[in-house]
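For reference, the structure is listed below as C-alpha cells.
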Protein chains: 2
Amino acid sequence: MSVDAQPRRRDAERTRAELLDVATEEFAERGYSGARVDEIANRTRTTKRMIYYYFGGKEQLYLAVLERAYAEIRAAEQAVDVEHLDPVAALRRLAEVTFDHHEAHPAFIKLVGVENAQHAKHMNHVARLVDLNSSAVDLLHGVLDRGRRDGVFRDGVDALDVHMLISSFCFFRVANRHTFGALFDRDLLDPARRTFYRTMLGDLVTGYLQEV
Amino acid sequence: MSVDAQPRRRDAERTRAELLDVATEEFAERGYSGARVDEIANRTRTTKRMIYYYFGGKEQLYLAVLERAYAEIRAAEQAVDVEHLDPVAALRRLAEVTFDHHEAHPAFIKLVGVENAQHAKHMNHVARLVDLNSSAVDLLHGVLDRGRRDGVFRDGVDALDVHMLISSFCFFRVANRHTFGALFDRDLLDPARRTFYRTMLGDLVTGYLQEV
DNA sequence: TAACTAACGTACCAGTTAGTACATTGACGG
DNA sequence: CCGTCAATGTACTAACTGGTACGTTAGTTA
C-alpha cells in the first residue's frame with residue numbers, strides 16, 4: 001500500500017517527540033475532550049499504541065504537552081537581558097517580549113485556555129511550573145525596584161499586577177481574535193496593526209507606572 | 001418510583017428556558033464537545049427528547065445559548081446612562097460596568113472562550129449580534145469625542161482599541177483565574193482585591209486617554 | 001365529550017472512542 | 001549469530017454518545 005515502504009526505523013526519542021508535537025496542536029485546537037487519540041496517532045508516523053506505551057493514556061499525554069509548552073515559554077523569557085537597559089526601556093522590553101511570544105505561540109495560548117476551562121486541575125500536578133513562572137515575575141520586580149530608586153516609577157505598584165496587565169493585553173489579542181473579529185470586524189492580529197498594538201502596550205504599562 | 005409523582009404539567013416556555021439555562025452552564029463548563037446532551041437533559045425536569053423537539057440538536061442548542069448570552073450582556077450595557085457624566089467619569093463608569101459584568105457572568109466569559117476555540121464559526125450565523133455589539137462601542141465613541149472637544153482626552157485614540165483594552169483586562173481576570181492562581185498563588189477574583197482592580201482599570205484607561 | 005395536536009417519555013440504535021491483548025520485529029550485547 | 005527486550009503494529013472491545021422511531025398524555029376546541 002504505502003509507496004515508500006521504508007524499513008521500520010526505531011527511535012524512541014523521535015517517536016515521543018513527534019507524538020508531543022502533534023498532540024500539542026491537537027489539544028490546542030480541539031480542547032481536551034475534543035482531541036482524539038486516534039487522530040493524534042494518525043498524524044504521526046507511529047500508531048495509537050505508542051501513546052499508551054510512552055505516556056500511559058490521553059490524560060498523561062495532555063499533561064506532558066502542557067508541561068513542555070510552559071517550559072518553553074519561560075525559557076524564552078529568561079533569555080531576555082534587561083540589566084543594561086534603563087528601567088523604562090527595560091519595562092517596555094519585557095512587555096514586548098511577552099507580546100511577541102504570545103503572537104508567535106498561539107498553540108500555547110490556546111492550551112492556557114483549555115487548562116483554565118478545566119480549572120487548572122492538571123497544572124497542580126506539575127509543581128515545578130511554579131518555580132519557572134515566579135522567576136518571570138522576579139525579573140519584573142527587579143526592574144520596578146530599580147525604577148523606584150531612580151525616581152521614574154511611583155511607589156505601591158505590585159510586579160504581579162503589572163505582569164497581569166501585560167498578559168491580559170497580549171492574551172486577549174490572540175485568544176479572542178475570532179469573536180472580536182466577528183463582532184467588530186477587526187483582525188487583532190493584522191500585521192498592519194502589530195506595531196501599533198505593541199507600542200500601545202508599552203505606553204499603557206509605562207504610563208501606569210508613572211501615574212500620579 | 002418518584003416520591004412526588006406530580007401529574008405532568010405542560011409548559012413549553014418553561015421547558016425551553018430550563019433547557020437553555022442548564023445548557024448554558026454545561027457548555028460553559030465543559031466546552032462544546034465536552035458537553036453531553038444526556039447530562040443537560042438529566043439536569044432538567046424534562047428529557048433529552050425535548051432538546052431535539054425544541055432546538056433540533058446539540059449544535060442548535062449551543063447556538064441558542066450563545067445568542068442569548070450575548071443578548072443579555074449587551075442589554076445590560078445599554079442600560080448605562082452616561083450622558084450626565086463628564087467624559088472622564090463616563091469613561092470610568094463604562095469600564096466599571098464591563099468589569100462588573102464580567103465578574104457577575106463567568107458562564108458568559110467561558111462561552112466566549114469556547115466560541116473562540118472554535119474560531120467563532122457559530123457566531124457568524126448569528127448576524128444580529130453584530131448590531132448589538134457595535135452599539136456598545138458607539139457609546140464609548142461618543143464619550144471619547146466629548147472628551148476631545150473638552151480638551152481632557154488626547155487625539156488619535158480609537159474607541160474600539162479602548163474597548164479592547166477594557167475587555168482584555170476584565171476577561172483575563174475571570175477567564176485565566178485558575179492558571180494564574182496555580183502559577184502565582186493569587187486569586188484574581190478575591191473580593192478583598194476587587195476594588196483595587198476595578199480602580200486600577202479606571203486608572204489605566206483614563207491614563208491612556210490622557211498620555212502626552 | 002370526542003377529536004385533535006402540541007408536548008412529552010421510553011427504548012433503542014449506529015457510530016465513535018479510549019483503551020488493551022497479543023503478536024512481531026529491530027537493535028544490541030555477548 | 002543468537003538471545004533478549006525495547007519498540008512497534010494489528011485487531012479487537014466495552015463503554016459511551018448523539019440522535020431517532022414510536023408510543024403516550026395533557027390541554028384545547030368544536
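Each chain gets a letter, A, B and so on, in the order its sequence line appears, and its residues count up from 1.
Note on A/Thr46: a side-chain N or O is less than 4.0 Å away from OP1 or OP2 of D/dG9. Contact annotation: A/Thr47 side-chain N/O to D/dT10 OP1/OP2 distance is not under 4.0 Å. A/Arg36 has a side-chain polar atom (N or O) that falls below the 4.0 Å cut-off from OP1 or OP2 of C/dT17.
The distance between atom CG of B/Leu19 and atom C1' of C/dC8, rounded to the nearest whole Å, is 12 Å. Following rounding to the nearest Å, B/Phe55 (CZ) and D/dT20 (P) show an atom-to-atom distance of 16 Å. In this structure, the OH atom of A/Tyr52 is 16 Å from the P atom of D/dG9, given to the nearest Å. Going from atom CZ of B/Phe27 over to atom C1' of D/dG18 covers 11 Å, rounded to whole Å. Going from atom CG of A/Asp38 over to atom P of D/dC12 covers 15 Å, rounded to whole Å. The distance between atom CG of A/Leu61 and atom P of C/dG19, rounded to the nearest whole Å, is 10 Å.
Counting heavy-atom neighbours within 6.0 Å of B/His101 NE2, excluding the residue itself, gives a total above 12.
Each of B/Lys48 and B/Arg16 has a nearest nucleotide on DNA chain C; the 5'-most of these lies closest to B/Arg16.
Direction change of the helix axis from one end of the helix from C/dT1-D/dA30 to C/dG30-D/dC1 to the other is 10°, with five pairs defining each end axis (rounded to 10°).
In this structure, A/Arg93 and A/Val143 have side chains that are not in contact, with every pair of non-hydrogen atoms separated by 4.5 Å or more.
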